[in-house]
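Presented below is the structure to which this report refers.
Heavy atoms only: backbone and side chains are in, while hydrogens, waters and symmetry mates are out. In this text, all values refer to a predicted model and were calculated from it rather than measured experimentally.
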Amino acid sequence: MDLPQGLVTVYLLLVSLAQCQHYYLLRPIPSDTLPLLELKEDPDPIYDPRERDLNETELRSALGDFDSRFLSVNPPQDRYTGNEDLEELDLQQQNPTGMMPKDIKNLDFDAQWGKKRKASKKLKRRLQMWLWSYSFCPVLYAWNDLGARFWPRFVRAGSCYSKRSCSVPEGMVCKPAKSTHITLLRWRCVQRRGALKCAWIPVQYPIITECKCSCAN
C-alpha cells in the first residue's frame, strides 16, 4: 500500500509534531532465549535410537497430545507450508491481520501544516493503515528437522521477519514477543555402572507465536 509522495511527507511531519514515536519506544521487550540456538549433538551413532526404539504406537502413547499443526513424523513436502500470504513481504505488508494496535488507533495526527487545520478522517485512516502495515511483524513458520534423537523429529518453528526495519525512522526490527511450548520426546543416554542406559524422556520445546517491533539492541 504505497502512499503518494505528498502523503509520505505529511506523514513524516505528523510523526515529528505529534510525537507518536513513543509508539515504538513502548514495545514489549522480547525474550532473549528465542529463537533457539542449534543443538550440538555427539555424532557417535551409539547415542542414536535403534529401530526397535522407534515404535510409533508406543511413542504416540508416551507423548500424549500430538499437535499435527506443529509436529510431524515424516518430512513435510513443503518446508514453508503456511507462509503463502507472506511471499510479498519484501515490498510492504498490505493486509496486517488481527485488530489494529491501540497505540496506532489512538495516535493524534492533528498537527500544524502552514495554517492550523486538522487532517481529514480519510487521511488519518490511510496513515494509520500505512503505519500498521509498515510496523506489522508476522511470524514466519518453517519445518525444522531436529534429528533422530527427537520424536517426532520434525517441528514447525516460528521466526520473526527481519528483511527490513519495522520503524520510521529505521532502526527497530521485528523480535519475538510471545511463545508457547509443545512437548517432544528426547532420546537421552547416560552411563550407569559402566553401561550405557538410554530412554525417551519428555521435553518442552518453545515455539514463537508473536513478533513485535522492538529496539534492535
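- With a 4.5 Å cut-off on side-chain heavy atoms, Trp151 and Glu56 count as touching.
- Electrostatic pairing of Arg60 and Glu58 does not count as a salt bridge here, judged by no charged N lying under 4.0 Å from a carboxylate O.
- Remark: the backbone N or O of Leu146 is not paired with any side-chain donor or acceptor of Asn144 at under 3.5 angstrom.
- No donor-acceptor pair under 3.5 Å is formed between the side chain of Ser135 and the backbone N or O of Ser167.
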Exercise. Mind running side-chain contact (heavy atoms from CB on, under 4.5 Å) on Leu59 and Leu185 for me, showing each step along the way?
Key: CA-CA 8 Å; Leu59 292 175; Leu185 297 179; 3.8 Å; yes

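- In this structure, OG in Ser159 is found 14.5 Å from NZ in Lys175, a value given to the nearest 0.5 Å.
- The OH atom of Tyr161 sits 8.0 Å away from atom CG of Leu140, with the distance rounded to the nearest 0.5 Å.
- The two residues Ala177 and Lys212 have their closest heavy-atom pair at CB-CG, 3.8 Å.
- The side chain to side chain contact (heavy atoms under 4.5 Å, CB included) test applied to Glu51 returns no partner, not counting sequence neighbours.
- No side-chain heavy atom of Ser72 sits under 4.5 Å from any side-chain heavy atom of Pro152.
- Rounded to the nearest 0.5 Å, atoms CH2 (Trp187) and CG (Leu54) are 8.0 Å apart.
- In this structure, Leu71 and Thr183 approach most closely via the heavy-atom pair CD1-O, 4.2 Å.
- In this structure, Ser133 contributes its side chain and Leu131 its backbone to no donor-acceptor pair below 3.5 Å.
- Distance alone, capped at 3.5 Å, places no donor-acceptor pair between the Ser179 side chain and the Ile208 backbone.
- Considering only heavy atoms from C-beta on, Thr180 stays 4.5 Å or farther from Glu210 through its side chain.
- In this structure Cys137 satisfies the side chain to side chain contact (heavy atoms under 4.5 Å, CB included) test together with Cys166, Cys174, Cys211, Cys213, sequence neighbours excluded.
- In this structure, Tyr205 and Val155 have side chains that are in contact, with non-hydrogen atoms separated by less than 4.5 Å.
- Here the shortest heavy-atom pairing between Arg153 and Val73 reads CG-O, 4.3 Å.
- Cluster partners of Val173: none. The rule joins Ile, Leu, Val, Met, Phe, Trp and Tyr whenever side-chain heavy atoms lie under 4.5 Å apart, and it links nothing here.
- Listed by chain and residue number, Ile46, Tyr47, Cys189, Gln191, Cys198 satisfy the side chain to side chain contact (heavy atoms under 4.5 Å, CB included) test with Leu196 (two or more places apart in sequence, or in another chain).
- Nearest heavy-atom pair, Trp143 versus Phe70, reported as atom, atom and distance to 0.1 Å: CZ3-O, 3.4 Å.
- Among residue pairs with one or both ends in residues 129-141, none qualify as salt bridge (charged side-chain N to carboxylate O under 4.0 Å, His left out); sequence neighbours excluded.
- When all heavy atoms of Thr209 and Tyr141 are compared, the closest pair comes out as CA-OH, 4.0 Å.
- With Trp200 contributing its side chain and Asp53 its backbone, the two residues share a donor-acceptor pair below 3.5 Å.
- Atom CG in Leu184 sits 11.0 Å away from atom CD1 in Ile201 (nearest 0.5 Å).
- For the atom pair Ile182 CD1 and Arg156 CZ, the distance stands at 11.0 Å (nearest 0.5 Å).
- Not a single salt bridge (charged side-chain N to carboxylate O under 4.0 Å, His left out) links Arg52 to another residue, sequence neighbours left out.
- Nearest heavy atom pair, residue Ile207 against residue Gly158, reads CG2-N, 4.3 Å.
- A cation-pi arrangement is present between Arg164 and Tyr134 under the rule of less than 6.0 angstrom and at most 45 degrees off the ring axis.
- Taken from CZ in Arg125 to NZ in Lys122, the straight-line distance is 13.0 Å, to the nearest 0.5 Å.
- Around CD of Gln204, the count of heavy atoms belonging to other residues, nucleotides or ligands within 6.0 Å exceeds 12.
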